[in-house]
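Only a predicted model underlies this, so the values are computations on that prediction, with no experimental measurement involved. Atom set for the values below is all heavy atoms of this structure, side chains included, hydrogens, waters and symmetry mates excluded.
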Amino acid sequence: MSDAVDISVEFAGLKLANPVFTVSGTCGYGDELSDFMDVGSLGGFVTKSITAEPRKGNATPRIVETDAGMLNAIGLANIGLEKFIEEKIGVLEKLKTSVFVNVAGQAIEEYVQVTEKLASEKAISGIELNISCPNVKKGGISFGTDPALILEITSAVKKACGNKVLMVKLTPTVTDISVTARAAVEGGADALSLVNTFTAMSIDIETGKAVLANKTGGLSGPAIKPIAVYLVNKVYNEVAKDAGIPILGMGGIRTASDAIEFMIAGASAVGVGTANFIEPGCAVKIIEGIKGYCRRKGTGKVSDLVGTLG
Amino acid sequence: MSKTKKGLFEGVVSFNKQIGERFYRLGLRFKGEAGKAFAGLVPGQFAEFDISTAGLPACGEIPDDLRDSARRELLLRRPFSFCNVEIDGDEVEVEILYCVVGAGTIRMTTLAAGDIISVVGPLGNGFSVPESKSTALLVVGGMGAPPILHLAKVLKEKHPEIETVGFVGAKSAVDFPLEEIQGQSKDALKSMSDFELNGVTWQVASDEGDIGHKGFVTEKLEEWLGSCDAQKDTIIIYSCGPAGMLRNTAAIAERHGVDCQVSMEQMMACGIGLCQSCAIECKGDGGTEYKLCCKDGPVFDSRDVVFKV
Ligand SMILES: Cc1cc2nc3c(=O)[nH]c(=O)nc-3n(C[C@H](O)[C@H](O)[C@H](O)COP(=O)(O)OP(=O)(O)OC[C@H]3O[C@@H](n4cnc5c(N)ncnc54)[C@H](O)[C@@H]3O)c2cc1C
Ligand SMILES: Cc1cc2nc3c(=O)[nH]c(=O)nc-3n(C[C@H](O)[C@H](O)[C@H](O)COP(=O)(O)O)c2cc1C
Ligand code: FES
């Protein structure tokens with residue numbers, strides 16, 4: 001067993017210090033976690049979704065706890081592109097980690113417009129395309145469930161994103177995730193991230209009404225982990241491996257063991273979401289834990305774990 | 001009042017005492033960095049407690065109405081404010097006052113002296129005391145008591161020049177999370193119109209009238225304001241309790257031209273500004289905007305909040 005472990009990873013041409021990200025909507029715009037950890041020690045950081053105009057978000061309650069998980073319907077509340085560039089780019093610049101800005105919208109033009117503006121920002125390494133949004137022009141059907149739309153939106157944004165890495169975030173609420181993954185790769189995605197939350201509902205039996213003001217919300221946390229591991233493995237085997245496209249795997253990761261499962265399943269990097277709420281700073285422990293695992297297993301390079309499912 | 005840096009800390013349970021059918025007081029001691037952080041806690045600030053490590057009480061001790069919810073797996077932390085902070089050398093003892101309502105708080109009842117629990121705090125913005133004030137009116141509804149009790153104590157200690165008057169209300173006598181009330185006989189309660197606590201005299205009201213004034217606590221507040229002849233801009237109201245009570249308190253403050261700070265509650269997933277779950281509707285430029293209860297609050301100027309009917 002050798003003691004020296006190389007935990008850096010290559011991710012769509014980016015050299016990351018380690019494979020651990022904090023992911024969209026769970027780590028703010030940059031400095032919110034800094035009382036709890038050195039955000040710069042992360043492999044990567046994905047911001048809250050940004051839209052062209054500021055959005056107030058949904059009425060409350062916006063969240064509810066469920067068994068080993070939670071539902072959220074925040075409604076993409078965000079400060080909007082202009083304010084983001086004015087106030088947050090400076091913070092992100094100082095982070096010393098690879099920053100992805102998560103872009104959301106209601107129409108393809110909005111995604112393109114936001115991406116074009118961000119493409120010239122030095123502080124940003126990549127764009128993460130949040131396609132789990134309703135397409136207002138097509139009667140509200142989610143971009144992320146229609147392969148033809150995914151192809152169209154990915155190619156349009158690819159043209160707008162210059163030399164930034166384009167990562168497409170897949171929704172798991174589809175019949176066959178490999179079909180949507182393939183559409184994103186054909187459209188020019190440099191990386192895939194999965195999974196986003198699962199559409200779900202919780203009912204208050206006293207009132208007979210949904211707990212969330214929005215009625216439905218996205219399920220995240222440990223409850224979704226085994227499904228997320230399966231979906232990462234499926235996309236790795238059926239799409240990403242042959243296409244040479246890296247996966248950012250996420251869904252219920254709380255510990256290094258969880259993270260390593262995703263890497264064995266085929267994720268080149270891993271994302272910590274809901275767990276940031278419970279143990280802010282746990283991402284740093286996960287990085288250390290991955291290092292410890294590699295040392296114990298005699299794995300010289302953490303990337304050697306990727307897709308090794310026996 | 002100063003504010004200290006937040007962090008993820010461990011506290012040692014010093015006591016967990018039942019004070020009513022559903023009410024408990026929990027003491028926690030902090031040392032070192034944690035002690036420093038909590039020594040600066042401002043009344044109205046809160047913390048997020050991880051109680052997923054606590055066990056359930058024995059089956060027979062779980063109230064019937066909580067049997068189903070007690071089976072739920074806990075994931076998120078639970079937010080609580082504080083009713084007291086004592087500094088003892090380099091150790092700090094904080095106290096929370098909690099009501100057993102669900103999966104998390106039923107587990108809290110099994111915490112015992114010596115247990116260690118993980119706490120993220122101190123969080124949010126607490127109450128502030130503007131210099132121009134010479135009278136503080138404290139208005140409490142039910143489980144809103146903890147931060148206001150803490151404030152009463154701090155006002156007495158640090159601002160003895162301020163005249164402080166308390167008003168506390170709840171549905172009925174059993175719903176007051178206060179030992180001063182829980183320990184009393186029915187007859188004693190019937191004749192109790194006020195009591196002393198933390199150096200303040202508290203007037204009592206209950207919806208059912210089995211203790212104090214029969215009616216809303218805000219009626220006592222209104223009565224007091226109506227009969228006082230102090231300059232209105234020297235008075236400040238501090239309030240915590242159910243949403244409807246806060247709305248009424250805010251309306252009274254507005255009518256009398258008195259400043260008012262309210263401590264709000266909202267479902268919280270993180271408590272530290274990450275998740276955007278805890279939105280509170282506030283007045284903004286030309287319309288309304290959401291502010292975060294955990295970060296911009298939980299204490300707000302009542303004029304800023306849009307209270308829902
Ligand atoms: C800033 C703040 C300070 C608080 N201070 C105190 C306090 O000093 N003492 C006290 O007893 N309680 C306090 N609460 C409320 C306390 O957080 C909830 O009662 C507790 O989280 C319920 O947990 P549970 O698992 O037992 O209940 P659950 O099973 O999760 O839910 C049971 C009931 O409690 C309600 N509830 C759950 N979470 C919250 C929440 N975050 N805010 C309001 N209601 C909630 C639910 O709507 C439900 O009706 C405070 C809440 C906030 C936001
Ligand atoms: C409160 C909350 C807000 C989220 N907001 C976003 C968002 O704005 N954009 C996005 O692409 N994903 C968002 N997500 C999804 C997460 O990035 C992640 O894909 C998902 O929660 C699964 O990971 P987890 O189980 O580790 O949380 C959000 C998740 C949560 C819990
Ligand atoms: S509770 Fe998460 S932002 Fe307020």
- Message: Please identify which of these residues, A:Val114, A:Ile124, A:Val46, meets the side chain to side chain contact (heavy atoms under 4.5 Å, CB included) condition with A:Val101.
- Response: A:Ile124

- Item | Between A:Ser34 and A:Asp31: side-chain donor-acceptor atoms closer than 3.5 Å | no

- Query: For the atom pair CE (A:Met250) and OG (A:Ser193), what is the distance rounded to the nearest 0.5 Å?
  - Reply: 4.5 Å

- Note on the structure: Honestly, the part of A:Asp35 sitting under 4.5 Å from a heavy atom of chain B is both

- Contact origin within A:Ala73 toward chain B - heavy atom pairs under 4.5 Å: neither

- Item | A:Thr274 versus chain B, the contacting section by heavy-atom distance below 4.5 Å | side chain

- Item | Structural part of B:Thr288 lying under 4.5 Å from a heavy atom of chain A | both

- Query: Is it the backbone or the side chain of B:Ile280 that comes under 4.5 Å from a heavy atom of chain A, or both, or neither?
  - Reply: neither

- Given A:Thr66, A:Asn276, A:Val64, A:Ile278, the one with more heavy-atom pairs under 4.5 angstrom with chain B than any other is A:Ile278

- Note on the structure: Looking only at B:Cys278, B:Gly7, B:Gly273, B:Ala103, the option with the highest number of non-hydrogen pairs under 4.5 Å against chain A is B:Gly7

- Item | Segment of A:Asn78 engaging chain B (4.5 angstrom heavy-atom cut-off) | neither

- Query: Is the side chain of A:Glu128 donor-acceptor paired with the backbone N or O of A:Phe100 at a distance under 3.5 Å, no angle test?
  - Reply: no

- Message: Quick check for you: among B:Glu48, B:Met267, B:Arg77, which has the greatest number of heavy-atom pairs under 4.5 Å with chain A?
- Response: B:Arg77

- What part of A:Ile74 gets closer than 4.5 Å to chain B, counting heavy atoms only: side chain, backbone, both or neither? side chain

- For B:Glu289 and A:Lys56, the nearest pair of non-hydrogen atoms, with its separation, is CA-CE, 4.4 Å

- Approximate separation, where rounding is to 0.5 Å, of B:Phe46 CZ and B:Cys293 SG: 6.5 Å

- Residues, nucleotides or ligands: over 12 heavy atoms within 6.0 Å of B:Arg67 CZ: yes

